[in-house]
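To start, the structure itself, in structure tokens.
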Amino acid sequence: MPDIQTTLERLLSEAVAKAFGNEFADADPILRQATNPKFGDYQANLAMGLAKRLNQKPRDIAEAIKEKLPIGDVLTDAQVAGPGFINLTLNPDLLASQLAAMFKSDRLGVAVADPPMKVVVDYASPNLAKEMHIGHLRSTIIGDAIARILEFQGQHVTRHNHIGDWGTQFGLLLEHLIETGWANSTDTSISDLNVLYKEAKVRDDTDPAFAERARKRVVDLQSGDPQARKIWEQLIVESIRHMNQVFSCLGVKLTDDDLKPESFYNDRLPGVIEAIENAGLIRDCEGAKVVYVEGFFNKEGEPLPMAVKKADGGFGYPATDLAAVQYRVKDLQADRVVYVVDSRQKDHFRQFFKIAADVGWLTSGAELVHVGFGTIMGLDGKPFKTREGDTVRLADVLNEAVDRASKVIADKAPDLNAQEREEIARVVGIGAVKYFDLSNYRIKDYVFDWDRMLALEGNTAPYLQNAYVRIRSIFRKGEVDPSTLTGGGDGGGGADAIKLEHEAERALALQLLQLPRIIQSVADSLEPHRLCTYLYELASSFHKFYEKCPVLAADTDARRDSRLTLCDLVARTLKQGLELLGINTVERM
RNA sequence: GCCCACGUAGCUCAGUUGGAUAGAGCAGCGGACUUCUAAUCCGCAGGUCACAGGUUCGAAUCCUGUCGUGGGUACCA
């Protein structure tokens, strides 16, 4: 069954063609949801734009189109208003049958992509030399949400965790560890590593001789020196163990199969440089091999070089990133590669995307997208740090989230036992952190505010999770198993058919039916906050309905079944929507 | 200097890719609970959409400029 907007667009195109001729059939109907219920359900705004082409008054055009719109199964009313808006009111039976189809669909009416695209999503990608910190949060959860949404659409998604296991930072660490004897110690924890990395960084900044030795260690490592290699492996094992603990706590879908570390591309680097050289893009500059990308300048106003091979013979991140593009587009045949990385690296991405295009790797039409995001700020409006001014450990944030959620739940639902509360606190606390991040427009910075993210009102995870809980509570209380509902059976006209009588029911129905469009819009824009806004508005619509329309105490069985069906649709949509954001639900809270 | 984002109610944020009177939450004021979980709902108040031009039937949204904030400016990632 085509969705409502598609149906309306078809009717409008046919009406325009009938009124003004076939050459106008392809005019965009500019169909929008009505901004106000008094304007009906949808409005078509094409009459104003046609005025010039037709040399007629917009209102007359709108009237002419309106006259050709059939009133019946789809529309119960069409009115011209304002400068030439055509306000459309839908037949509630159509809404009900659409809802019945949605109810019967285990995908809630969301179509499967056909043909599917092959999409690589590069996210999380922490630097393994350090413990995971707050700076890794956004890439990890935004990337995971995007991957889940594309996957739900039926796209062929490949997750790549492009961990930093190969760069300059390992030179520092190796040199320092060899000197301090860490490699021979038996107790090697990630927290030690964190401290050691800081020490190494200080030495690197203050001791030129150390810095020189450290740089040489990178070249050793990349060329296969056994000692460097052995210590490096120890480091990696420990770091990945820690990373997986954090992922598990966050409920992120990345596994070891998704690891595509920088080192993975090592063998490909010479070939990549050669390909760029063959394309005539490489220049020599102070011993380094560089590419000049048009439109980029340094502080002196000179063309900005991008070093694909460093003066000391080592390879930096531009080489690795280019190798990764080649691998993803040529070997994996990706149609789309999505990089979920801090906005501050925007210029870097623009440069190597351009190089990839110039080398000729994108001739298949593959699209490279940088999904940038802003910085997490503290309450003081400056980048989020601990009171001592250190980076905030991600593990600490997640623990605190669960602790705080636990207190909120203890306050609101004292009858839950300790174990239940613990489980719920985990879902609510972690969900709150993730939702707070995802619900903001990702380009912008946001202030990390515990009280706001754990608030039970407003656009927060706890509010949505609670809306879900309330619905589940109705089914428990009424001892109704949702799977016994049919939505009116085939065709939606049975005894338990959905009936949209109250305006709150109608508003809820229209809201529910938007889901497929919202999913599509998130997949196109790669902006998960649109799904958050939708879920919040859905929960709001539900609460209005809940206030006005008794469900279990409805005056007839038919009305009760219809409302139960609506409730179940809302619950499933909330649960599915949150799941696409990587957030769980609970049955009570 | 150059380049890139962002600027919407007192605060935190949306605004369906150009549509009607710019919407939520918090904070403030006033209402509604022997409940299907009031963890909610209803109402009031709150705006020069940073500013100035431009594009057109129509601009918070697009283009130009100005101001403000933040970021980037090769061999760290």
Side-chain angles (χ1 to χ4, degrees), chain A residues 30 32-36 39 43 45 47-49 51-52 57-58 81-85 87 125 127 164 167-169 172 204 215 262 285-292 295-301 304-312 314-318 320-321 341-348 350-351 372 374-375 377 381 408 411-413 439-441 443-447 449 451-452 455-460 462-463 465-467 469-471 473-478 514 517-518 521 524-525 529-530 532-534 536-537 540 543-544 546-548 550-553 563 567 588-589:
Chain A
I30 316 184
R32 297 290 124 95
Q33 271 191 277
T35 50
N36 187 321
F39 298 141
Q43 57 179 263
N45 301 337
M48 288 80 81
K52 195 160 278 181
K57 286 186 199 149
F85 301 108
N87 292 334
S125 308
N127 180 341
T168 313
Q169 74 278 13
L172 304 184
D204 184 60
R215 245 176 290 287
E262 288 176 341
C285 181
E286 297 168 24
K289 292 191 175 196
V290 308
V291 180
Y292 291 98
F296 290 88
F297 303 93
N298 66 16
K299 287 170 193 161
E300 282 70 47
L304 182 70
M306 184 177 217
V308 293
K309 187 165 186 180
K310 299 194 281 186
D312 62 10
F315 295 101
Y317 60 90
T320 314
D321 281 333
V341 182
D342 193 309
S343 287
R344 282 177 289 202
Q345 292 186 37
K346 183 163 188 167
D347 282 355
H348 168 66
R350 287 186 20 203
Q351 286 179 77
T375 305
M377 303 299 211
V408 173
D411 187 37
K412 292 288 180 184
S439 62
N440 282 281
Y441 181 42
I443 299 293
K444 300 211 269 192
D445 299 342
Y446 74 85
V447 175
D449 184 337
D451 293 337
R452 225 175 267 282
L456 302 155
E457 54 280 305
N459 189 8
T460 68
Y463 175 82
Q465 286 166 326
N466 181 60
V469 164
R470 289 183 118 182
I471 298 172
S473 162
I474 294 172
F475 283 93
R476 267 199 307 277
K477 187 122 186 176
Q514 296 306 313
R517 296 258 158 182
I518 297 298
S521 122
D524 290 342
S525 64
H529 80 283
R530 298 183 186 213
C532 297
T533 303
Y534 168 77
Y536 175 59
E537 285 171 356
S540 270
H543 277 126
K544 282 171 194 166
Y546 179 89
E547 205 68 29
K548 296 273 166 54
V551 179
L552 295 175
R563 288 178 179 170
C567 284
R588 36 182 116 225
M589 62 190 276

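Reminder, nothing fancy here: chain letters follow the sequence lines and each chain counts from 1.
Residue A:Q43 has its side chain nearest to B:rA20 when only B:rC42, B:rA74, B:rA20 are considered. The side chain of A:Q345 approaches B:rA77 more closely than any other nucleotide in the set B:rA77, B:rA74, B:rU16. Looking at the side chain of A:Y317, the nearest of the listed nucleotides B:rA39, B:rC41, B:rA77 is B:rA77. Listed nucleotides: B:rA39, B:rC57, B:rU73. Nearest to the side chain of A:L304: B:rU73. Each of B:rG19, B:rC41, B:rC36 was ranked by its minimum atom distance to the side chain of A:F85; first place goes to B:rG19. Closest approach to the A:M48 side chain among B:rC57, B:rC41, B:rC13 is made by B:rC57 (side chain taken as heavy atoms from C-beta onward). Nearest nucleotide to the side chain of A:H543, out of B:rC41, B:rC36, B:rA20: B:rC41.
If you measure from atom CD of A:Q351 to atom P of B:rA74, you get 10 Å, rounded to the nearest angstrom. Distance, A:K544 NZ to B:rC42 C1': 10 Å, rounded to whole Å. Computed from coordinates, the A:M377 CE to B:rU69 P distance equals 14 Å when rounded to whole Å. Rounded to a whole Å, the NZ atom of A:K52 is 12 Å from the P atom of B:rU55. Rounded to an integer number of Å, the gap from CG of A:D524 to C1' of B:rU16 is 13 Å. Distance CZ (A:R215) to C1' (B:rA74): 14 Å, rounded to an integer number of Å. Rounded to whole Å, the distance from OH on A:Y546 to C1' on B:rC33 is 12 Å.
Taking the P atom of each, B:rA50 and B:rA22 are spaced 15 Å apart, rounded to whole Å. Taking atom C1' in both B:rC11 and B:rG28, one finds a spacing of 12 Å when rounded to whole Å. The C1' atoms of B:rU40 and B:rG18 are separated by 37 Å, rounded to the nearest whole Å. Comparing the same atom, P, in B:rU61 and in B:rG1 gives a spacing of 26 Å after rounding to whole Å. For B:rG68 and B:rA59, the P atoms lie 28 Å apart once the distance is rounded to whole Å. Only the P atoms considered, B:rC3 is 29 Å distant from B:rA9, to the nearest whole Å. Spacing of P atoms, B:rU69 relative to B:rU64, comes out at 22 Å, to the nearest Å. With C1' as the reference atom, B:rG15 and B:rA74 are 40 Å apart, rounded to whole Å.
The residue A:T168 sits close only to the backbone: its heavy atoms come under 4.0 Å of sugar-phosphate atoms, none of a base. Contacts of A:A413 with the nucleic acid, taken as non-hydrogen atoms under 4.0 Å apart, include base atoms. Residue-level contact check: A:P58 touches neither bases nor backbone, having no heavy atom under 4.0 Å from any strand. In this structure, A:N440 reaches the sugar-phosphate backbone alone: every heavy-atom distance under 4.0 Å involves primed, P, OP1 or OP2 atoms, never a base. Heavy atoms of A:A455 sit nowhere under 4.0 angstrom from any nucleic acid atom. At the heavy-atom level, A:G167 lies under 4.0 Å from the strands shown only through sugar-phosphate atoms. Within the 4.0 angstrom heavy-atom criterion, base atoms lie near A:C285. Using a 4.0 Å heavy-atom cutoff across all strands shown, A:E262 reaches sugar-phosphate atoms only and no base atom. If you check every strand for non-hydrogen atoms under 4.0 Å, A:A51 touches nothing. A:K548 comes within contact range of no nucleotide atom at all, as no heavy-atom separation falls under 4.0 Å. As judged by a 4.0 angstrom heavy-atom cut-off over every strand, A:A553 is placed among residues making no nucleic acid contact. Within 4.0 Å (heavy atoms only), A:V469 reaches at least one base atom of the nucleic acid. Residue contacts for A:P462: at a heavy-atom cut-off of 4.0 Å it reaches no nucleic acid atom on any strand shown.
Stacking between A:F39 and the base of B:rA20 is present: ring centres sit under 5.5 Å apart and the planes differ by under 30 degrees.
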Which nucleotides of nucleotides 22-31 of chain B have their base under 4.0 Å from a protein heavy atom (B), which only their sugar-phosphate (S), and which neither (-), written as one string 5' to 3'?
--SBS-----
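Classification of B:rU17 as syn follows from a glycosidic angle within 90° of 0.
In this structure, A:H529 NE2 and A:N440 CG are separated by 9.0 Å, a value rounded to the nearest 0.5 Å.
Nearest heavy atom pair, residue A:I471 against residue A:C567, reads CG2-O, 3.4 Å. Between A:R588 and A:V469, the shortest heavy-atom distance links the atoms CA-CG1, 3.7 Å.
Taking for each of A:Q169 and A:K412 the nucleotide of RNA chain B with the nearest heavy atom, the 5'-most of the two is the partner of A:K412. Of the two residues contacting RNA chain B, namely A:G82 and A:E286, the nearest-nucleotide position lying further toward the 5' end is that of A:G82.
The side chain of A:R563 places no N or O atom within less than 4.0 Å of a non-bridging phosphate oxygen (OP1 or OP2) of B:rC36. For A:Y463 and B:rC41, the shortest distance from a side-chain N or O to OP1 or OP2 is below 4.0 Å. In this structure, A:H529 reaches the B:rG15 phosphate: one of its side-chain N or O atoms is under 4.0 Å from OP1 or OP2. Within the 4.0 Å cut-off from OP1 or OP2 of B:rG19, at least one side-chain nitrogen or oxygen of A:R32 is found.
Residues satisfying the salt bridge (Lys or Arg N to Asp or Glu O under 4.0 Å) criterion with A:R476, sequence neighbours excluded, are absent altogether. Looking at residues two or more places apart in sequence or on another chain, you find a salt bridge (Lys or Arg N to Asp or Glu O under 4.0 Å) between A:K289 and A:E277. For A:R452, the salt bridge (Lys or Arg N to Asp or Glu O under 4.0 Å) partners two or more places apart in sequence, or in a different chain, are A:D449.
A donor-acceptor pair is defined here as one N or O able to donate and one able to accept, closer than 3.5 Å; no such pair exists between the side chain of A:R530 and the backbone of A:I518. In terms of modelled atom types and a separation under 3.5 Å, the side chain of A:D445 and the main chain of A:G374 share no donor-acceptor contact. Put simply, the side chain of A:T460 gets close to the backbone of A:A455: a donor and an acceptor are under 3.5 Å apart.
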Checking A:Y292 against A:C285 for the side-chain contact (heavy atoms from CB on, under 4.5 Å) test, could you report, in this order, the C-alpha distance in whole Å, the side-chain angles of both residues, the deciding distance, and whether it holds?
CA-CA 10 Å; A:Y292 291 98; A:C285 181; 3.8 Å; yes
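For the strand RNA chain B, secondary-structure stems (runs of at least three Watson-Crick or G-U pairs, all distances below 3.5 Å) span B:1-7 with B:67-73, B:10-13 with B:23-26, B:28-32 with B:40-44, B:50-54 with B:62-66.
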Could you list the protein-to-nucleotides 1-6 of chain B atom pairs, N/O on both sides, closer than 3.5 Å?
from	atom 1	to	atom 2	distance (Å)
B:rG1	N2	A:N298	O	2.8

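The shortest side-chain heavy-atom distance between A:Q514 and A:E537 does not fall under the 4.5 Å cut-off.
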